[in-house]
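Keep in mind that the numbers below use all heavy atoms, side chains included, and drop hydrogens, waters and symmetry copies.
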Amino acid sequence: MVTYHIDMDDLVDNLVRLLRTPSPAGNTGAAIDLVEKAFGVLGLRTCRTNKGALRATLPGRSDDRPRAVSGHVDTLGAMVKEIKSDGRLKLTPLGGYMWQTVEGEYCTVETEEGATYTGTVLAHKTSVHTYGRDELTRLKHSADDVEVRLDERVTSKKETRQLGIDVGDFVSFDPRTAVTESGFVKSRHLDDKAGVAVMLAAAKALQDAGLQPAQTTTFYISPYEEVGHGASSGIPVAVKELLVVDMGALGDGQNSDEYTVSICAKDSSGPYDLGMRRRLVALCQEHEIPHKVDVYPYYGSDGSAALRAGADLVVGLIGPGVDASHAYERTHKDSLRYTTQLVIEYLFAD
Ligand SMILES: [Zn+2]
């Protein structure tokens with residue numbers, strides 16, 4: 001039995017800072033910088049891959065079966081696809097989500113020069129007083145229906161372009177992060193900033209307690225998971241097993257909840273490694289960590305990306321239970337704590 005302390009205040013602080021740092025897939029530099037600094041403060045050596053992923057290494061008691069733990073900082077977002085004749089912006093999505101889940105959300109457009117403009121994502125036809133309920137009910141809420149209303153006095157394509165806004169600019173959605181007295185964290189993009197905050201908390205708990213992981217461990221922070229190819233490269237070739245820390249999916253028929261650590265048995269890419277799953281469940285039983293084994297029907301992960309790219313790895317996936325994933329998400333501190341605990345026990349166990 002090892003003794004360690006999980007600093008939940010530090011975990012939540014890191015999570016909130018990360019959530020408030022925009023990082024739509026393809027524009028994750030600021031979030032990667034933030035995580036690199038946090039690993040640096042813990043004394044871990046860091047480096048970047050060519051693709052922009054971050055690696056932080058924690059030397060182990062042994063080095064004959066190196067491990068990796070991955071999480072991703074890229075989030076859902078959008079890119080300017082077209083400037084419409086009325087000066088509003090048509091979007092193309094980054095990652096997989098329904099437009100309805102971002103309609104009404106505040107957003108920020110970042111120009112090539114680094115200027116930022118605020119706006120709101122809205123269906124082109126929104127006013128019930130102008131269009132009537134019948135017409136609005138028929139809306140498909142597709143990319144053709146949705147646009148950004150900029151908080152600028154623009155009414156033409158030319159005026160919007162004069163702001164410096166153009167096709168290809170990144171658009172990030174306001175995460176609306178809130179931590180409640182009752183222990184919930186409500187925010188967009190808990191997927192997977194919650195997982196990254198958990199990884200930092202696990203590394204901190206080990207370092208604070210002066211404990212070494214059983215095997216040399218690489219923390220891999222992925223910048224392109226939401227678009228499918230995140231960990232397809234960049235996991236060190238010597239690594240033999242990968243623990244992905246990403247969210248557990250909730251909803252009708254799901255086993256997971258916001259108060260336990262979710263262990264994924266299977267997602268849309270197939271089953272995760274059975275031996276690894278059994279070890280994770282056994283660690284939960286041994287250390288009395290509340291957990292749920294689950295199947296996520298429409299889900300893929302950086303583990304799937306690494307395997308599909310041909311990596312010869314044993315892969316497992318765990319995460320905090322996140323309600324309303326890829327919409328306005330929510331989890332509870334309990335889920336964050338138990339996920340951190342399982343990461344620590346996994347890292348420490350031979
Ligand atoms: Zn994710």
Side-chain angles (χ1 to χ4, degrees), residues 1-11 13-15 32 34-49 53-71 194-222 231 234-246 261 263 273 275-289 291 302-303 306 311-320 336-350:
M1 196 64 144
V2 292
T3 320
Y4 55 83
H5 167 70
I6 297 171
D7 188 340
M8 284 303 295
D9 290 337
D10 189 66
L11 189 162
D13 281 355
N14 276 333
L15 175 55
I32 290 274
L34 198 156
V35 180
E36 182 165 38
K37 275 203 193 87
F39 274 122
V41 167
L42 296 175
L44 274 68
R45 233 174 352 99
T46 59
C47 68
R48 308 274 184 109
T49 69
L54 176 71
R55 292 200 301 223
T57 312
L58 199 52
R61 305 191 296 274
S62 181
D63 199 19
D64 57 344
R65 225 183 131 68
R67 298 170 180 173
V69 179
S70 80
V196 174
V198 159
M199 288 164 63
L200 284 168
K204 178 171 164 45
L206 286 175
Q207 293 291 73
D208 287 353
L211 297 170
Q212 265 197 308
Q215 293 286 341
T216 293
T217 301
T218 300
F219 293 93
Y220 176 90
I221 307 296
S222 172
I235 306 283
V237 278
V239 164
K240 301 282 188 288
E241 59 183 55
L242 169 67
L243 179 68
V244 180
V245 186
D246 208 332
V261 53
I263 299 172
D273 181 77
M276 183 96 158
R277 190 231 290 188
R278 286 178 177 153
R279 271 164 57 208
L280 293 166
V281 170
L283 286 169
C284 286
Q285 286 164 344
E286 184 185 347
H287 301 285
E288 297 179 346
I289 304 169
H291 63 286
D302 259 342
D312 180 21
L313 286 170
V314 165
V315 179
L317 188 147
I318 64 169
L336 298 170
R337 174 190 295 281
Y338 297 135
T339 307
T340 308
Q341 212 179 330
L342 181 51
V343 173
I344 294 167
E345 297 297 352
Y346 164 75
L347 288 177
F348 193 74
D350 287 319

Test item: Arg279 side-chain N/O and Ala349 main-chain N/O as donor-acceptor pair under 3.5 Å: no
For the pair Leu347 and Phe219, evaluate side chain to side chain contact (heavy atoms under 4.5 Å, CB included) and give the outcome as yes or no after the intermediate values. CA-CA 11 Å; Leu347 288 177; Phe219 293 93; 3.9 Å; yes
Evaluate the side chain to side chain contact (heavy atoms under 4.5 Å, CB included) criterion for residues Ile289 and Leu283: first the C-alpha distance (whole Å), next the side-chain angles of each, then the deciding distance (0.1 Å), finally the verdict. CA-CA 8 Å; Ile289 304 169; Leu283 286 169; 5.6 Å; no
Output for pair (Arg278 CZ, Asp273 CG), nearest 0.5 Å, gives 9.5 Å
Any side-chain to backbone donor/acceptor pair from Gln207 onto Leu42? Under 3.5 Å, distance only. yes
Distance check, rounded to the nearest 0.5 Å: Met276 atom CE versus Glu241 atom CD? 4.5 Å
When you look at CZ of Arg45, are more than 12 heavy atoms from neighbouring residues, nucleotides or ligands closer to it than 6.0 Å? no
Measure the spacing between CD1 of Ile263 and CG of Leu317 and express it to the nearest 0.5 Å. 10.0 Å
Out of curiosity, Phe348 CZ to Thr217 OG1, how far, rounded to the nearest 0.5 Å? 12.0 Å
Is there a donor-acceptor pair closer than 3.5 Å between any side-chain N or O of Arg55 and the backbone N or O of Gly234? yes
Polar side-chain atom of Thr216 near backbone of Gly60 as donor-acceptor pair, under 3.5 Å: yes
I'd like to know whether CG of Asp312 has more than 12 heavy-atom contacts from other residues, nucleotides or ligands below 6.0 angstrom. no
Would you find a donor on one side and an acceptor on the other, under 3.5 Å apart, between the side chain of Gln212 and the backbone of Pro59? yes
Using a 6.0 Å cut-off, check whether atom CZ of Arg337 has over 12 heavy atoms from anything other than its own residue. no
Over all heavy atoms of both residues, which pair between Ala38 and Leu200 is shortest? Give the atoms and the distance, please. CB-CD2, 3.7 Å
Please find the pair of heavy atoms, one from Leu313 and one from Ala306, that lie closest to each other, and give the distance. CD1-CB, 4.2 Å
With no hydrogens and no angle check, is any side-chain donor or acceptor of Gln215 less than 3.5 Å from a backbone partner on Arg65? yes
Just wondering, are more than 12 heavy atoms of other shown residues or ligands nearer than 6.0 Å to CZ in Arg48? yes
Pairwise distance CG(Leu34) to CG(Asn14) - rounded to 0.5 angstrom: 7.5 Å
Please report the shortest heavy-atom distance between Ala56 and Leu44, naming the atom on each side. CB-CD2, 3.9 Å
Smallest heavy-atom separation, Ala194 atom then Leu336 atom, equals CB-CD2, 3.8 Å
Roughly how far, to the nearest 0.5 Å, is OG1 of Thr218 from CG of Leu54? 10.5 Å
For residues Leu243 and Arg67, determine if any side-chain heavy atom of one lies less than 4.5 Å from a side-chain heavy atom of the other. no
Minimum heavy-atom separation for Val196 and Gly71, please, with both atom names. CG2-C, 4.0 Å
Could you check Tyr220 against Leu242 for side chain to side chain contact (heavy atoms under 4.5 Å, CB included), going step by step and ending with a plain yes or no? CA-CA 10 Å; Tyr220 176 90; Leu242 169 67; 5.7 Å; no
Considering residues, nucleotides and ligands other than Lys240, do more than 12 of their heavy atoms fall under 6.0 Å from its NZ? yes
Candidates Val343, Leu342, Ile344 - the one meeting side-chain contact (heavy atoms from CB on, under 4.5 Å) with Thr340: Ile344
Compare every heavy atom of Ser62 with every heavy atom of Asp64, then report the nearest pair and how far apart it is. OD1-OG, 2.8 Å
Do Ile318 and Tyr346 have side chains that approach each other closer than 4.5 Å (heavy atoms only, starting at C-beta)? no
Would you check if Ile221 and Met199 make a side-chain contact, meaning some heavy-atom pair closer than 4.5 Å? yes
Mind running side chain to side chain contact (heavy atoms under 4.5 Å, CB included) on His5 and Asp208 for me, showing each step along the way? CA-CA 8 Å; His5 167 70; Asp208 287 353; 5.9 Å; no
Going by atom types alone, do Asp302 and Ser70 pair a side-chain donor with an acceptor below 3.5 Å? no
